[in-house]
Student: 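This is the structure I want to talk about, given as structure tokens.
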Amino acid sequence: MITCYLKYVIDPYKLEEFEHYAKLWIPLVNRLGGTHHGYFMPHEGANNIALALFSFPSLAAYEAYREKMAADPECQAAFAYAGETRCIISYERSFMRPVFE
């Protein structure tokens, strides 16, 4: 299993817009084969950092998701919403593997 860790730099004046964007993606990732673990919004500390975590059985499964996502109208609408609202300033994507026991 791999987990995608996304660190967003967001516009702190557009938290509502980013939260809407986040809520669009959770069911999309789940529908396209991943397991979304949620978005984490600023609360205390930095007011412009948000995180997202979602997992796939393998990196190959993630790549298949990326192909499906590119052709999915709902995914494209979510990207368009972020572009229109400019709620995301930048993001970093990393892949992690879990260690349980």
Side-chain angles (χ1 to χ4, degrees):
M1 177 169 74
I2 59 128
T3 298
C4 184
Y5 165 91
L6 278 166
K7 177 182 176 185
Y8 293 93
V9 177
I10 59 176
D11 184 333
Y13 298 103
K14 296 182 179 179
L15 292 178
E16 287 181 29
E17 290 87 344
F18 182 80
E19 189 166 344
H20 176 76
Y21 172 81
K23 289 178 179 178
L24 293 173
W25 275 105
I26 293 169
L28 293 173
V29 169
N30 292 332
R31 177 171 58 82
L32 296 176
T35 301
H36 210 297
H37 306 294
Y39 280 80
F40 301 86
M41 300 290 293
H43 182 67
E44 292 289 329
N47 68 350
N48 68 334
I49 302 297
L51 303 173
L53 296 167
F54 51 93
S55 297
F56 288 87
S58 65
L59 192 54
Y62 173 77
E63 291 300 330
Y65 154 80
R66 297 270 304 189
E67 288 180 23
K68 292 181 220 171
M69 179 183 62
D72 188 278
E74 288 181 83
C75 293
Q76 297 311 308
F79 283 130
Y81 176 81
E84 291 163 9
T85 62
R86 302 183 61 87
C87 59
I88 299 169
I89 296 168
S90 65
Y91 64 91
E92 299 172 14
R93 180 184 300 124
S94 298
F95 294 92
M96 311 273 182
R97 62 177 176 80
V99 176
F100 296 114
E101 279 191 61

Student: Could you work out, with salt bridge (Lys or Arg N to Asp or Glu O under 4.0 Å) as the rule, every residue matching Asp72, not counting sequence neighbours?
Tutor: Arg31
Student: Give the minimum heavy-atom separation between Leu15 and Pro42, together with the two atoms involved.
Tutor: CD2-CG, 4.1 Å
Student: In the hydrophobic clustering that connects Ile, Leu, Val, Met, Phe, Trp and Tyr at side-chain heavy-atom distances below 4.5 Å, which members other than Tyr13 occupy its cluster, ordered by chain and number?
Tutor: none
Student: Restricting to salt bridge (Lys or Arg N to Asp or Glu O under 4.0 Å), what partner residues turn up for Lys23, sequence neighbours left out?
Tutor: Glu19
Student: Holding to side chain to side chain contact (heavy atoms under 4.5 Å, CB included), I want the full list of residues that pass it with Ser94, two or more places apart in sequence or in another chain.
Tutor: Tyr5, Met96
Student: Are Ile26 and Leu28 co-members of a hydrophobic cluster defined by side-chain heavy atoms under 4.5 Å apart?
Tutor: yes
Student: Decide side chain to side chain contact (heavy atoms under 4.5 Å, CB included) for Gln76 and Phe79; before the verdict, give the C-alpha distance in whole Å, the side-chain angles of both, and the deciding distance to 0.1 Å.
Tutor: CA-CA 5 Å; Gln76 297 311 308; Phe79 283 130; 4.1 Å; yes
Student: Mind checking side chain to side chain contact (heavy atoms under 4.5 Å, CB included) for Ala46 and listing every partner two or more places apart, or none if nothing turns up?
Tutor: Asn48, Ile49
Student: If you look only at pairs with a residue in residues 47-64, which of them pass as a salt bridge (Lys or Arg N to Asp or Glu O under 4.0 Å), with sequence neighbours excluded?
Tutor: none
Student: Tell me every residue that passes side-chain hydrogen bond (donor to acceptor under 3.5 Å, both in side chains) with Tyr21, counting only those two or more places apart in sequence or in another chain.
Tutor: Trp25
Student: To the nearest 0.5 Å, how far apart are CE in Met41 and CD1 in Ile10?
Tutor: 4.5 Å
Student: Look at the side-chain heavy atoms of Ile, Leu, Val, Met, Phe, Trp and Tyr, link any pair under 4.5 Å apart, and say whether Phe40 and Phe95 land in one connected group.
Tutor: no
Student: Please report the shortest heavy-atom distance between Met69 and Cys75, naming the atom on each side.
Tutor: O-CB, 3.5 Å
Student: Got a second to check how far Thr85's OG1 is from Glu16's CD, nearest 0.5 Å?
Tutor: 11.5 Å
Student: List in chain and number order the residues that pass ring-ring contact (aromatic ring centres under 6.0 Å, His included) with Tyr91, two or more places apart in sequence or in another chain; answer none if no residue qualifies.
Tutor: none
Student: Return the set of residues passing side-chain hydrogen bond (donor to acceptor under 3.5 Å, both in side chains) with Arg66 (not counting sequence neighbours), or none when no residue passes.
Tutor: Tyr62
Student: Kindly state each residue pair satisfying side-chain hydrogen bond (donor to acceptor under 3.5 Å, both in side chains) with at least one member in residues 33-44, sequence neighbours excluded.
Tutor: His37-Ser55
Student: Might you work through the side chain to side chain contact (heavy atoms under 4.5 Å, CB included) test for Asp11 and Phe18, ending with a clear yes or no?
Tutor: CA-CA 8 Å; Asp11 184 333; Phe18 182 80; over 6 Å; no
Student: Heavy-atom count check: over 12 atoms from other residues, nucleotides or ligands less than 6.0 Å from Arg93 CZ?
Tutor: yes
Student: Name all pairs fulfilling the salt bridge (Lys or Arg N to Asp or Glu O under 4.0 Å) condition that reach into residues 80-91, sequence neighbours left out, sorted by first residue then second.
Tutor: none
Student: Starting from Met1, walk the hydrophobic network (Ile, Leu, Val, Met, Phe, Trp, Tyr; side-chain heavy atoms closer than 4.5 Å) and list everyone else you reach, by chain and number.
Tutor: Phe100
Student: So which atom in Val29 and which in Phe56 form the shortest heavy-atom distance, rounded to 0.1 Å?
Tutor: CG1-CZ, 4.3 Å
Student: Tell me the closest heavy-atom pair linking Ile88 and Ala82, and the distance in Å.
Tutor: CD1-CB, 4.0 Å
